[in-house]
Amino acid sequence: MPTRTGAAQWKGDLKTGGGTVTVAGRTLPYSAPARFEEGSGTNPEELIAAAHAGCFTMALSHDLSTAGFQVNDAKTTAAVRIAKKESGWVIDRIVLTVRADVDEIDEATFVEFAERAKANCPVSKALGAVETITVDAALI
């Protein structure tokens with residue numbers, strides 16, 4: 001199996017420094033203001049959110065199509081929250097919101113598939129230390 005890579009470079013201290021992250025040949029700026037405030041650029045939590053949304057959506061689409069359902073469209077947003085705890089900064093909550101157009105499936109069955117994909121996608125498993133990961137799944 002392939003090994004995937006990402007890279008980061010940082011210059012300076014946490015508050016005034018900055019850096020870049022590189023993934024899939026694209027380089028993006030990142031900084032403390034982008035992470036803890038509303039600064040420009042990306043941050044580790046956004047990258048985790050994108051990875052989790054991508055993995056979950058692929059797993060859900062695979063599970064549905066393997067079960068014989070036609071997935072016409074599935075879009076997931078992952079909201080990753082970083083919080084200051086007594087032990088330091090932690091990612092304590094991720095909310096996966098998925099909206100999908102799937103032929104011949106009822107809402108309850110779709111939600112079951114979404115919960116299963118949330119539990120079983122590799123990124124969800126890698127994020128096992130996160131206190132709460134929820135999924136809000138609905139058909140469109």
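We count residues from 1, following the sequence as given.
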Practice problem: Indicate if Ile82 and Ile48 have the same hydrophobic cluster label, given that clusters are the connected sets of ILVMFWY residues with side-chain heavy-atom separations under 4.5 angstrom. | Solution: no
Quiz prompt | Check ion pair Arg99-Asp73 (N to O, under 4.0 angstrom) | solution = no
Exercise. Go through the steps to decide whether Leu60 and Phe110 satisfy the test side chain to side chain contact (heavy atoms under 4.5 Å, CB included), and finish with yes or no.
Key: CA-CA 9 Å; Leu60 176 60; Phe110 177 70; 4.0 Å; yes
Self-check item: Nearest heavy-atom neighbours spanning Glu46 and Asn43
Solution: N-OD1, 2.9 Å
Quiz item: Backbone N or O of Asn120 within a donor-acceptor pair of the Ser124 side chain at under 3.5 Å?
Solution: no
Practice problem: Would you tell me whether Asp106 and Thr109 have side-chain atoms, one donor and one acceptor, within less than 3.5 Å of each other? | Solution: yes
Quiz item: Could you give the distance from OG1 (Thr134) to CD1 (Ile94), rounded to the nearest 0.5 Å?
Solution: 9.5 Å
Practice problem: Would you check if Asn72 and Asp103 make a side-chain contact, meaning some heavy-atom pair closer than 4.5 Å? | Solution: yes
Quiz item: Does one hydrophobic cluster hold both Leu47 and Trp10, with members joined at side-chain heavy-atom distances below 4.5 Å?
Solution: yes
Exercise. Ignoring hydrogens and angles, tell me if any N or O in the side chain of Lys118 forms a donor-acceptor pair with the backbone of Leu96 under 3.5 Å.
Key: no
Quiz item: Can you name the nearest heavy-atom pair linking Leu139 to Ile105, along with the distance?
Solution: CD1-O, 3.5 Å
Practice problem: Describe, in one word, how the ring planes of Phe113 and Phe69 are oriented to each other, choosing from parallel (under 30°), tilted (30 to 60°) and perpendicular (over 60°). | Solution: perpendicular
Exercise. Hey, could you give me each pair passing salt bridge (Lys or Arg N to Asp or Glu O under 4.0 Å) that has a residue in residues 119-134? Not counting sequence neighbours.
Key: Lys85-Glu131
Quiz item: Closest heavy-atom contact between Val123 and Ala51?
Solution: CG2-O, 4.0 Å
Quiz prompt | Working for side chain to side chain contact (heavy atoms under 4.5 Å, CB included), residues Met58 and Cys121 | solution = CA-CA 8 Å; Met58 289 174 77; Cys121 89; over 6 Å; no
Practice problem: Taking only Lys NZ, Arg NE, NH1 and NH2, and the carboxylate oxygens of Asp or Glu, determine whether Arg81 and Asp92 approach each other closer than 4.0 Å. | Solution: yes
Quiz item: For Ser61 and Ala74, which heavy atoms make the closest approach, and how far apart are they?
Solution: OG-CB, 4.1 Å
Practice problem: Taking atom CD of Glu107 as the centre, report whether more than 12 heavy atoms of other residues, nucleotides or ligands fall under 6.0 Å from it. | Solution: yes
Practice problem: Would you check if the side chain of Thr57 reaches a backbone N or O of Gly54 as a donor-acceptor pair within less than 3.5 Å? | Solution: no
Quiz item: Any side-chain heavy atom of Asp136 within less than 4.5 Å of one from Val98?
Solution: no
Exercise. Decide yes or no for Val90 and Lys84: does some side-chain heavy atom of the first lie under 4.5 Å from some side-chain heavy atom of the second?
Key: no
Quiz item: CG/Leu64 to CZ/Arg116 distance, rounded to the nearest 0.5 angstrom?
Solution: 8.5 Å
Quiz item: Are Val135 and Glu115 close enough that some pair of their side-chain heavy atoms sits under 4.5 Å apart?
Solution: yes
Exercise. Walk me through it: do Leu28 and Thr20 pass the test side chain to side chain contact (heavy atoms under 4.5 Å, CB included)?
Key: CA-CA 5 Å; Leu28 302 168; Thr20 57; over 6 Å; no
Quiz item: Do you know which two heavy atoms are closest between Pro44 and Tyr30, and how far apart they sit?
Solution: CD-CD1, 4.3 Å
Exercise. Please report the shortest heavy-atom distance between Ala8 and Val21, naming the atom on each side.
Key: CB-CG1, 4.0 Å
Self-check item: All pairs passing salt bridge (Lys or Arg N to Asp or Glu O under 4.0 Å) where residues 7-36 contributes a residue, at least two apart
Solution: Arg35-Glu45
Exercise. Using only heavy-atom distances, determine whether the side chains of Thr77 and Thr97 contain a donor-acceptor pair under 3.5 Å.
Key: no
Quiz item: Would Ile91 and Leu127 satisfy side chain to side chain contact (heavy atoms under 4.5 Å, CB included), going step by step from the backbone distance to the final call?
Solution: CA-CA 9 Å; Ile91 294 172; Leu127 295 170; 5.6 Å; no
